[in-house]
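In what follows, every heavy atom counts, from backbone to side chain, and hydrogens, waters and symmetry copies are set aside. Model, not experiment: these values are computed from the prediction.
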Amino acid sequence: MARNRPGSGQVRIIAGQWRSRKLPIQDLEGLRPTTDRVRETLFNWLSGHLTGASVLDCFAGSGALSLEALSRYAAFARIHELQRSAADQLKRNLATLKCDNAEVLVGDTLQLLQRPVDKRFDIVFIDPPFRKGLAAPTIALLQQGWLNDDALIYVEVETELHDLQVPAQWQPLKEKQAGQVSYRLYRYQEQTA
């Protein structure tokens, strides 16, 4: 599907050390970068939590969310991307920014999250391709030790997905809707015995 709208083929970093930088992205079917307006709202929500945070981007696509977090001084980002060409572009963009505190893993996030837990994360982005049923299984896999206590989890899904179930430890903090997108922020709190 061809895209001829302005700004197609690039993502702009909104704030932080790489503010206003425009980076190329692959024009791939299903790639749906989070809009500037939604990203601005999200990062206002995350204000005060990014510096020094470890970030997991489960469905990176353009990498807009993880790049924005790194620009705002997140300590580390692990970036999952299924499509090799998008992942390769992300690696090139990180090299352009001289960013060495991120790793891009090529593969299915559902499989990657089934690996043994080697790191816990403070901020997690779940922005899967729409209408593929990926949000719920991703949420379930994250419960297997990937989250630090008080981790913030951002979930972006299609608006018609009203009944997305989240674990009892996920406290809803914020929720908004923009066009066909519903986006929510949760705080994970480990249950104490």
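Rounding to the nearest 0.5 Å places CD of Q111 at 10.5 Å from CG of L141. Taking CD from E156 and CG from L65, the interatomic distance works out to 7.0 Å, rounded to the nearest 0.5 Å. Once rounded to the nearest 0.5 Å, the distance linking OG1 of T138 with CG of D108 reads 8.5 Å. To the nearest 0.5 angstrom, L147 atom CG is 10.5 Å from I139 atom CD1. A distance of 5.0 Å separates CG in L142 from CD1 in I126, rounded to the nearest 0.5 Å. The distance from atom CG of L82 to atom SG of C58, rounded to the nearest 0.5 Å, is 13.0 Å.
Partners of R84 by salt bridge (Lys or Arg N to Asp or Glu O under 4.0 Å), not counting sequence neighbours: none found. Scored by the side chain to side chain donor-acceptor pair (under 3.5 Å) test, D149 finds no partners at all (sequence neighbours excluded). By the side chain to side chain contact (heavy atoms under 4.5 Å, CB included) test, A102 pairs with L70, A77, I79, L94, C99, sequence neighbours left out. In this structure F59 satisfies the ring-ring contact (aromatic ring centres under 6.0 Å, His included) test with no other residue, sequence neighbours excluded. Checked against side chain to side chain donor-acceptor pair (under 3.5 Å), R19 has no partners two or more places apart in sequence or in another chain. In this structure Y183 satisfies the ring-ring contact (aromatic ring centres under 6.0 Å, His included) test together with W45, sequence neighbours excluded. For N93, the side chain to side chain donor-acceptor pair (under 3.5 Å) partners are Q89, not counting sequence neighbours.
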- Message: The test is side-chain contact (heavy atoms from CB on, under 4.5 Å); show your working for L56 and L113 and say whether it passes.
- Response: CA-CA 11 Å; L56 174 61; L113 291 175; 4.1 Å; yes
- Begin with the C-alpha distance, continue with both residues' side-chain angles, and end with the deciding distance and a verdict on side-chain contact (heavy atoms from CB on, under 4.5 Å) for L134 and T109. CA-CA 9 Å; L134 296 169; T109 204; over 6 Å; no
- Message: One pair to check against side-chain contact (heavy atoms from CB on, under 4.5 Å): L152 and D122. What are the steps and the verdict?
- Response: CA-CA 6 Å; L152 296 173; D122 303 307; over 6 Å; no
- Kindly indicate, with the supporting measurements, whether the criterion side-chain contact (heavy atoms from CB on, under 4.5 Å) is fulfilled by R184 and L164. CA-CA 11 Å; R184 306 158 191 171; L164 181 65; 3.5 Å; yes
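For residues 130-145, the pairs satisfying salt bridge (Lys or Arg N to Asp or Glu O under 4.0 Å) are R131-E160, with sequence neighbours left out. Residues in residues 95-104 take part in these salt bridge (Lys or Arg N to Asp or Glu O under 4.0 Å) pairs, two or more places apart or across chains: R78-E103. Within the structure, salt bridge (Lys or Arg N to Asp or Glu O under 4.0 Å) contacts touching residues 9-18 (residues at least two apart or in different chains) are R12-D36. Legend: salt bridge (Lys or Arg N to Asp or Glu O under 4.0 Å) pairs involving residues 48-77, not counting sequence neighbours, sorted by first then second residue: R39-E68, E68-R72.
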Distance-only donor-acceptor hits, side chain of residues 168-181, under 3.5 Å, sequence neighbours excluded:
{"residue": "Q169", "atom": "OE1", "partner": "Q143", "partner atom": "NE2", "Å": "3.2"}
{"residue": "W170", "atom": "NE1", "partner": "Q143", "partner atom": "OE1", "Å": "2.6"}

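Panel note: side chain S54, backbone R120; a donor-acceptor pair is recorded below 3.5 Å. The backbone N or O of E158 lies less than 3.5 Å from no partner atom in the side chain of S182, so there is not a single donor-acceptor pair. Looking at T96, its side chain does come within 3.5 Å of a backbone N or O of R92 through a donor-acceptor pair.
Heavy-atom minimum distance, N101 versus A74: ND2-O, 3.4 Å. Contact between A87 and E81 at its shortest, heavy atoms only, is N-CG, 3.7 Å. Residues A86 and G61 share a closest heavy-atom pair of CB-O, 4.0 Å.
Under the 4.5 Å side-chain heavy-atom criterion for grouping Ile, Leu, Val, Met, Phe, Trp and Tyr, V166 is connected to I153 within one hydrophobic cluster. Residues L90 and L97 are members of one and the same hydrophobic cluster, defined by side-chain heavy-atom contacts under 4.5 angstrom among Ile, Leu, Val, Met, Phe, Trp and Tyr. Both V117 and L110 are part of a single hydrophobic cluster, where members link through side-chain heavy atoms under 4.5 Å apart. Cluster membership for V55 and V106, using ILVMFWY side-chain heavy atoms within less than 4.5 angstrom, is not shared. Residues Y154 and F130 fall within the same hydrophobic cluster, defined by Ile, Leu, Val, Met, Phe, Trp and Tyr side chains chained together at heavy-atom separations under 4.5 Å.
Ring geometry, F43 versus F125: the interplanar angle falls from 30° to 60°, so the pair is classed tilted.
Using a 4.5 Å heavy-atom cutoff, the side chains of Q189 and D150 are in contact.
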